[in-house]
Amino acid sequence: NHEINTIKNIDGIFCWGEKHNQMLKEIGYQKSQLINTGNPRFDCYKNMDKKVFKRNKKKYILICSRFCMIRVSEMMSFDEEFTKPTQEIYSEFLNIPRIIRNSGINTPILIRPHPSEPTNLWEEETKDLNNIKISKKGPLKNILRESKMMIHNRCTTGLEAYISDVPVISFEPFKLKEPPHPPAELINEFAHYIVDSK
């Protein structure tokens, strides 16, 4: 997604690995601009002791939300083709804690909004529900250690949960156009269950 005419103005770009490095060369970056660092978000799982994950007390149903783009898309008047489906998915996603509670499941729920996503709608939707926590704090790796399962919609946190042996539910209530939306085929490849209805 890099604009070709900006490449010459970038001093350096951090590469996740050799494939990422090669891809960037192919779109016009010079070798001197590419810095191989790995991926700080995913590399921490490479040498993970899975026994630690299994030993930890599993407390939560984890819900990870990725809807920071709604506010951005509204502010920047993005294409309706992007904004409307994103808002519809978000509305469906906000109902998940209530669906869980209405089904008689009382397991604590931890909702983890995207770091740049506002929490006010989550707070509003869950204010009358018991045993719900909304937090963006702490590394996801530590939260996954305490999670019985996680629910998401096309969020890269699903990959982290899968790597951590936490059961993953991808919530896909309707088809989204790709792009501009994240590719379901890529992210749902790492789901244990794909759910298309409440």
Side-chain angles (χ1 to χ4, degrees), residues 1 14 16-17 20 37-50 52-54 56-73 82 85-100 105 107-123 125-126 132-174 176 178-196:
N1 292 332
F14 299 117
W16 293 7
H20 189 210
T37 57
N39 183 322
R41 179 154 172 212
F42 290 100
D43 284 359
C44 61
Y45 294 98
K46 282 183 179 176
N47 300 316
M48 177 179 69
D49 182 356
K50 293 203 175 185
V52 171
F53 272 78
K54 288 189 168 105
N56 270 55
K57 189 173 184 214
K58 305 293 184 181
K59 298 192 268 196
Y60 302 112
I61 293 172
L62 176 63
I63 299 174
C64 288
S65 181
R66 65 164 179 92
F67 297 98
C68 60
M69 286 303 293
I70 289 177
R71 186 165 46 174
V72 174
S73 64
F82 175 81
T86 301
Q87 288 172 328
E88 289 171 2
I89 286 269
Y90 189 40
S91 294
E92 295 274 341
F93 209 68
L94 286 166
N95 285 321
I96 291 175
R98 188 166 305 281
I99 292 166
I100 292 170
I105 298 170
T107 303
I109 295 173
L110 174 59
I111 299 167
R112 186 175 172 91
H114 187 277
S116 56
E117 180 183 337
T119 59
N120 60 318
L121 287 176
W122 283 109
E123 290 160 1
E125 288 293 324
T126 60
I132 306 272
K133 181 179 177 185
I134 301 165
S135 176
K136 301 178 184 182
K137 293 181 182 171
L140 183 63
K141 183 178 178 184
N142 295 345
I143 292 162
L144 289 169
R145 289 179 178 171
E146 299 180 332
S147 300
K148 292 181 181 214
M149 57 172 288
M150 77 90 68
I151 303 169
H152 74 104
N153 169 266
R154 301 190 190 195
C155 183
T156 51
T157 57
L159 304 176
E160 293 180 73
Y162 186 89
I163 292 167
S164 303
D165 285 339
V166 174
V168 177
I169 295 177
S170 283
F171 182 59
E172 292 282 341
F174 50 84
L176 294 169
E178 305 163 13
H181 296 280
E185 185 179 2
L186 167 66
I187 294 176
N188 291 343
E189 183 73 24
F190 299 93
H192 296 91
Y193 306 96
I194 300 169
V195 178
D196 62 6

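Listed here is the closest heavy atom pair of Pro118 and Tyr90: O-OH, 4.2 Å. Nearest heavy-atom pair, His152 versus Thr157, reported as atom, atom and distance to 0.1 Å: CB-OG1, 4.4 Å. The two residues Val168 and Gly158 have their closest heavy-atom pair at CG2-O, 3.7 Å. Of all heavy-atom pairs spanning Ile143 and Gly138, the tightest one is CD1-O, 4.1 Å. Contact detail for Trp122 and Pro113: the closest heavy-atom pair is CD1-CG, 4.0 Å. Nearest heavy-atom pair, Ala191 versus Ser170, reported as atom, atom and distance to 0.1 Å: CB-OG, 3.3 Å.
Summarising the geometry, atom OG belonging to Ser91 is positioned 9.5 Å from atom CZ belonging to Phe67; distances are rounded to the nearest 0.5 Å. Expressed to the nearest 0.5 Å, how far CG of Asn39 lies from CH2 of Trp16 amounts to 4.5 Å. A distance of 8.5 Å separates CG of Asp196 from CZ of Phe171, quoted to the nearest 0.5 Å. Rounding to the nearest 0.5 Å places NZ of Lys133 at 12.0 Å from CD1 of Ile111. Rounding to the nearest 0.5 angstrom, the gap separating the CD1 atom in Ile151 from the SG atom in Cys64 is 10.0 Å. The line from CG of Asn120 to CD1 of Ile134 is 9.5 Å long, rounded to the nearest 0.5 Å.
Proximity of Ile187 to Cys155: side-chain heavy atoms (C-beta onward) are nowhere separated by under 4.5 Å. Taking 4.5 Å as the limit, every side-chain heavy atom of Ile89 sits out of range of all side-chain heavy atoms of Glu172. Between Phe93 and Pro173 there is no side-chain heavy-atom pair separated by less than 4.5 Å. With a 4.5 Å cut-off on side-chain heavy atoms, Pro139 and Asn142 count as touching. Contact of the Leu62 side chain with the Met149 side chain is not registered, since no non-hydrogen atoms from C-beta on lie closer than 4.5 Å.
Residues that satisfy the side-chain contact (heavy atoms from CB on, under 4.5 Å) test with Glu125, not counting sequence neighbours, are Leu94, Asn95. In terms of the side-chain hydrogen bond (donor to acceptor under 3.5 Å, both in side chains) criterion, residue partners of His114 (sequence neighbours excluded) are, by chain and number, Ser116. Applying the side-chain contact (heavy atoms from CB on, under 4.5 Å) criterion to Thr107, with sequence neighbours excluded, gives Ile61, Ile105, Lys148. With sequence neighbours excluded, the residues satisfying ring-ring contact (aromatic ring centres under 6.0 Å, His included) with Phe190 are Tyr162. In this structure, Glu189 has no side-chain contact (heavy atoms from CB on, under 4.5 Å) partners at least two apart in sequence or on a different chain. Listed by chain and residue number, Lys84 satisfy the salt bridge (charged side-chain N to carboxylate O under 4.0 Å, His left out) test with Glu88 (two or more places apart in sequence, or in another chain).
The backbone N or O of Ala184 sits less than 3.5 Å from a side-chain atom of Glu178, completing a donor-acceptor pair. Between the side chain of Lys59 and the backbone N or O of Ser147, no donor-acceptor pair lies under 3.5 Å. With hydrogens and angles ignored, the 3.5 Å screen pairs no side-chain donor or acceptor of Lys58 with any backbone N or O of Glu146. A donor-acceptor distance shorter than 3.5 angstrom exists from the side chain of Ser135 to the backbone of Lys137, with no hydrogens or angles considered.
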>> As a quick check of understanding, evaluate side-chain contact (heavy atoms from CB on, under 4.5 Å) for Ile169 and His192, giving each step before the final call.
In response: CA-CA 6 Å; Ile169 295 177; His192 296 91; over 6 Å; no
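We find that Glu117 and Arg66 are not joined by a salt bridge, their nearest charged nitrogen and carboxylate oxygen being 4.0 Å or further apart. Using a cutoff of 4.0 Å between basic side-chain nitrogens and carboxylate oxygens, Glu185 and Arg154 are not scored as salt-bridged.
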